[in-house]
Amino acid sequence: MATIARTLDDALEPIADGCVLAVPRESSGVPMAATRALIRRDVRRLHLVALPTSTLQADLLIGAGCIETLETSAVSLGEFGPAPRFTAAILAGAIRMLDATCPALHAQFQAAEKGVPFMPLRGLLGSDVLAHRPDWKVSDNPFATNDPVVLLPALKPDVALLHAPLADRAGNVFVGIQREFFTMAHAAQKTIVTVEKIHDGDLLHDPLLAAGTLPGFYVEAIAVAPRGAWPLPLPDHYGIDAAHMAEYARLAATPEGFVQYLDRYVHEKWAA
Amino acid sequence: MATIARTLDDALEPIADGCVLAVPRESSGVPMAATRALIRRDVRRLHLVALPTSTLQADLLIGAGCIETLETSAVSLGEFGPAPRFTAAILAGAIRMLDATCPALHAQFQAAEKGVPFMPLRGLLGSDVLAHRPDWKVSDNPFATNDPVVLLPALKPDVALLHAPLADRAGNVFVGIQREFFTMAHAAQKTIVTVEKIHDGDLLHDPLLAAGTLPGFYVEAIAVAPRGAWPLPLPDHYGIDAAHMAEYARLAATPEGFVQYLDRYVHEKWAA
Amino acid sequence: MAATSPAMTDRDFRDEELLADVICRLIGDVRHVAVGAASPIPATAALLARQRGCGRPYVSLLGSRAHTFFTDGARELFDCAGQGRIDVFFLSGGQIDGEGNINLVGVGNYDHPKARFPGSFGSAYLYYVVPKVILFRLEHSRRTLVPKVDFISAPGGSADNVFRPGGPVALITSRCLFDFDRDRRRFRLASVHPGHSVAEVVENTGFDFDRPPEVPTTPAPSVETLRLMREVVAPQLAEVYPQFVKNVFGIAATSG
Amino acid sequence: MAATSPAMTDRDFRDEELLADVICRLIGDVRHVAVGAASPIPATAALLARQRGCGRPYVSLLGSRAHTFFTDGARELFDCAGQGRIDVFFLSGGQIDGEGNINLVGVGNYDHPKARFPGSFGSAYLYYVVPKVILFRLEHSRRTLVPKVDFISAPGGSADNVFRPGGPVALITSRCLFDFDRDRRRFRLASVHPGHSVAEVVENTGFDFDRPPEVPTTPAPSVETLRLMREVVAPQLAEVYPQFVKNVFGIAATSG
């Protein structure tokens with residue numbers, strides 16, 4: 001049963017060096033306060049799986065040296081340009097990159113969610129995405145003739161790390177239409193959630209809230225982190241901090257600037 | 001784009017004789033008013049797929065001679081005993097039965113939802129459920145050695161027929177936690193929904209309602225049918241009509257009694 | 001609230017209460033118990049376990065709105081079991097045989113059956129993946145407990161190369177409790193309920209089973225257990241099993 | 001609201017507006033247009049099409065809360081496309097070659113690249129299943145339009161036995177519009193934008209393409225189209241593309 005952790009660091013304790021950590025896309029609620037806490041803790045050798053893409057979060061973790069393997073479909077800062085630390089790390093060969101395509105990652109999480117060893121997917125054939133993924137296989141569709149189809153292995157992360165608007169004291173988490181949070185929590189061994197605030201009452205008892213609520217038995221730990229997605233947006237709650245993103249893009253363009261950014265926004269001002 | 005039909009019969013028009021019709025389980029919201037309308041219209045040769053089980057709805061349609069093939073995991077009246085018309089039809093060889101198991105049907109709908117030709121599933125091996133389904137195949141898991149796994153073909157119904165609490169004028173339908181309604185609508189060529197009432201305003205605009213709302217572009221037609229699941233329950237709205245279910249069980253025990261039931265509750269009293 | 005006599009003794013219990021108490025002990029200390037359709041006694045046992053465990057295990061009753069922790073639709077139970085998150089489930093059978101095979105489909109030839117049961121429900125999956133499946137069949141006769149089922153909805157055991165983390169652990173009937181030995185694929189008589197005998201069990205069982213030299217009597221539920229069941233659990237059951245609660249506990253169902 | 005000059009003539013338009021107008025015509029009369037990340041001009045075109053069509057097609061903008069009809073999470077777009085319900089999608093490429101192959105990954109050897117792009121996003125799937133994929137690449141140079149891409153994020157065509165209901169129909173750049181012939185896997189110059197020439201297109205294109213004897217000029221957007229874009233569409237875009245709306249339409253972004 002999920003517990004409300006005393007501190008953010010307590011909640012993040014299961015994220016060990018070297019673990020497979022799943023995180024969501026920018027528009028769903030990215031746990032940025034938790035990400036900064038992990039950098040302060042100096043987590044190492046993460047295998048980060050961003051479902052299906054990432055922006056600031058992956059770039060920050062890469063720049064801070066926390067990532068060994070990155071598995072995702074794209075990393076950029078969107079309107080704010082390329083992701084500078086991601087780009088630099090790839091060009092320097094500093095991280096291992098597993099290039100995916102969005103629906104393949106979704107299918108791999110769904111395979112883990114269903115407890116099946118693999119999931120088929122259309123597309124992919126003839127692409128270099130497939131050519132560079134020896135862990136993906138091409139098979140014949142047994143329900144047709146001469147119909148090759150790609151089979152993707154189940155992806156079962158050690159930990160899924162999410163940011164959501166609300167949790168109640170029973171560990172239920174309101175995620176709204178961010179349904180991939182369900183699949184991520186179902187697929188992961190453990191799920192850790194930061195939330196804007198604690199909801200009094202039981203989220204499962206209200207039929208409206210229940211429809212967007214992840215039940216507590218999937219959740220390992222919860223920490224309260226107001227504006228925990230900042231500077232990224234939390235849908236229906238706050239938008240992206242465009243000025244901050246522009247500042248990040250400017251600073252992170254150089255290794256020195258990136259260190260300044262860490263000093264200013266991760267290590268000092270925002271320390272617990 | 002979904003239209004709010006003038007009458008229930010208008011909304012049901014796409015359900016042609018011989019079509020593959022998908023319907024939900026009792027505890028999700030069974031379109032019983034629509035079922036009675038289909039019997040009055042004397043629909044024939046339906047291939048009914050009940051996801052994953054059925055109660056009164058399948059029994060009524062079988063008794064009325066509307067069903068050629070039934071594909072589901074179980075039919076009974078629950079606390080009210082066996083499903084008498086189902087049982088009689090099977091013993092008489094009057095319908096073609098495709099015995100399934102609940103998660104297999106779910107997986108087959110999910111395959112159609114994802115646009116993939118099949119879905120693997122654990123279990124099933126060594127069962128007579130599998131032995132009697134030549135359309136299901138056993139394959140080797142290519143990600144392991146000596147690991148047989150069952151592959152189930154995608155199931156793409158012609159029509160999914162559902163009953164839900166609310167729809168708005170843009171055709172969006174609030175289904176709450178009955179998430180299999182999403183999968184059914186995604187999998188089906190067309191989806192027809194009866195609702196308790198029309199919601200003023202846009203269901204997608206309210207973040208709470210949106211989390212439980214099926215978008216209108218999946219929906220072909222909507223008809224208003226207050227207490228449209230009666231005598232079955234609609235979660236969070238009304239319970240099962242136990243007295244009526246007991247009466248049904250009693251009457252449907254004989255062919256003559258079943259005809260009386262139809263006369264009393266389908267053809268006369270409830271005619272449009 | 002419960003319709004019990006004022007002076008309760010250890011003998012003042014109904015068969016259903018004894019069985020629920022036995023099942024509650026079989027459930028043990030686990031994380032999540034799920035109960036399928038038409039299973040009022042297992043549902044009583046599961047809610048009793050949760051009551052005793054101060055909220056642990058999670059209990060999900062199929063068809064319940066109040067007792068469910070599922071919000072991802074009808075497939076979530078099966079996905080959840082596939083993830084290894086469901087520890088205990090209950091299955092029954094129109095026929096059950098000595099190897100733990102269960103038949104929820106029919107008697108006789110599948111294409112021309114002599115009797116038809118509702119169908120296999122989720123058994124052909126859950127029996128394979130839930131670690132502790134408790135078989136439950138009130139009617140204990142040579143008609144229900146047979147040498148060989150006519151249709152295998154789900155087998156009691158599987159070949160070594162079949163993915164099978166789950167399977168049967170016990171079979172409880174109106175007369176007795178059997179344990180199941182998965183390696184040998186055989187039942188073993190664990191206890192006989194008060195008022196029943198080993199000879200009666202042998203006479204009414206269509207399959208061979210092991211038994212120890214001394215077969216204990218199933219212990220009666222304690223006064224405190226009966227109180228919990230009647231006063232706390234029964235009202236919670238009424239939502240899904242109104243008839244059962246009325247018949248067994250004398251509580252009128254509230255309207256839905 | 002729009003920051004346009006009071007006296008508007010046919011020449012008072014920006015390149016982005018011309019391109020959005022062209023794309024809007026390419027979209028045609030369809031049911032559902034989806035627009036991926038970082039695609040402000042296609043998003044303008046899709047919303048313009050919806051405005052003209054009185055609510056048809058549905059338009060789903062990735063990352064938008066207001067302009068999305070998806071409520072089943074991040075995978076719904078892909079599932080929906082797999083069901084054949086998405087009629088139009090847009091893709092770009094760091095490199096695009098004459099066979100319609102697109103490269104969203106990098107330049108040079110994959111293991112030791114000279115340049116890295118963000119990644120393939122959903123292209124390796126959507127390019128196969130969406131009937132009308134419109135390629136969009138503002139920079140029209142021999143650097144972007146190459147003889148052969150260094151990495152195939154998604155191929156322009158597939159072998160006959162590959163399930164492929166979808167693929168490219170056109171490529172629009174800052175200089176011109178190409179049609180794509182799927183059978184021959186070749187681009188054909190369809191029109192050159194006002195102020196640009198065929199010779200300039202040839203000079204700046206790294207791949208071979210077909211062209212008719214007379215290449216028309218891309219028609220300018222009408223006054224009414226410009227009004228719709230500026231007054232009705234632009235404010236709707238601000239949620240997802242605040243920088244773009246500010247730069248192109250002179251509308252300040254509202255806070256999120």
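Numbers restart at 1 for each chain; the letters A, B, ... are given by sequence-line order, proteins then strands.
Here the CG atom belonging to Asn247(D) is positioned 8.5 Å from the CD atom belonging to Glu79(A), to the nearest 0.5 angstrom.
The local environment of NZ in Lys197(A) is sparse, with at most 12 non-hydrogen atoms from other residues, nucleotides or ligands closer than 6.0 Å. Heavy-atom neighbours of Arg142(D) CZ from other residues, nucleotides or ligands within 6.0 Å: above the threshold of 12.
Proximity to chain D (any heavy atom under 4.5 Å) is shown, for Phe181(A), by neither the backbone nor the side chain. Both the backbone and the side chain of Ser73(A) come within contact range of chain D, with heavy atoms under 4.5 Å apart. With a 4.5 angstrom heavy-atom cutoff, Pro233(A) does not touch chain D via any of its atoms. With a 4.5 angstrom heavy-atom cutoff, Ala242(A) touches chain D only via side-chain atoms. Neither the backbone nor the side chain of Ser28(A) comes within less than 4.5 Å of any heavy atom in chain D. Heavy atoms closer than 4.5 Å to chain D are found in the side chain of Thr183(A), but not in its backbone. Only the side chain of Arg25(A) comes within contact range of chain D, with heavy atoms under 4.5 Å apart. At a 4.5 Å heavy-atom cutoff, Glu26(A) makes no contact with chain D through either its backbone or its side chain.
For the pair Arg179(A) and Glu76(D), the minimum side-chain heavy-atom distance is 4.5 Å or more. In this structure, His132(A) and Phe151(D) have side chains that are in contact, with non-hydrogen atoms separated by less than 4.5 Å. With a 4.5 Å cut-off on side-chain heavy atoms, Tyr110(D) and Asp128(A) do not count as touching.
Residues Glu180(A) and Gly73(D) come closest through the heavy atom pair OE1-CA, 3.3 Å. Closest approach of Ser123(D) and Thr101(A) over heavy atoms only: N-OG1, 3.8 Å. Contact record, Gly122(D) with Pro103(A): CA-CD, 4.0 Å, taken as the closest heavy-atom pair. When all heavy atoms of Phe117(D) and Phe86(A) are compared, the pair lying nearest together is O-CE2, 3.9 Å.
Ranked by heavy-atom pairs shorter than 4.5 Å toward chain D, the options Ser27(A), Gly78(A), Gly126(A), Ser76(A) are led by Gly126(A). When Leu51(A), Val149(A), Leu125(A) are compared by the number of non-hydrogen pairs under 4.5 Å with chain D, Leu125(A) comes out ahead. The most heavy-atom pairs under 4.5 Å with chain D, out of Asn141(A), Leu91(A), Leu130(A), Asp99(A), come from Asp99(A). Most heavy-atom pairs under 4.5 Å with chain D: of the set Asn146(A), Thr87(A), Val175(A), this distinction falls to Asn146(A). Most heavy-atom pairs under 4.5 Å with chain A, from the set Ala37(D), Ser153(D), Pro40(D): that is Ser153(D).
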Criterion side chain to side chain contact (heavy atoms under 4.5 Å, CB included) on Arg122(A) and Tyr128(D), from CA distance to verdict: CA-CA 8 Å; Arg122(A) 292 303 192 180; Tyr128(D) 295 75; over 6 Å; no
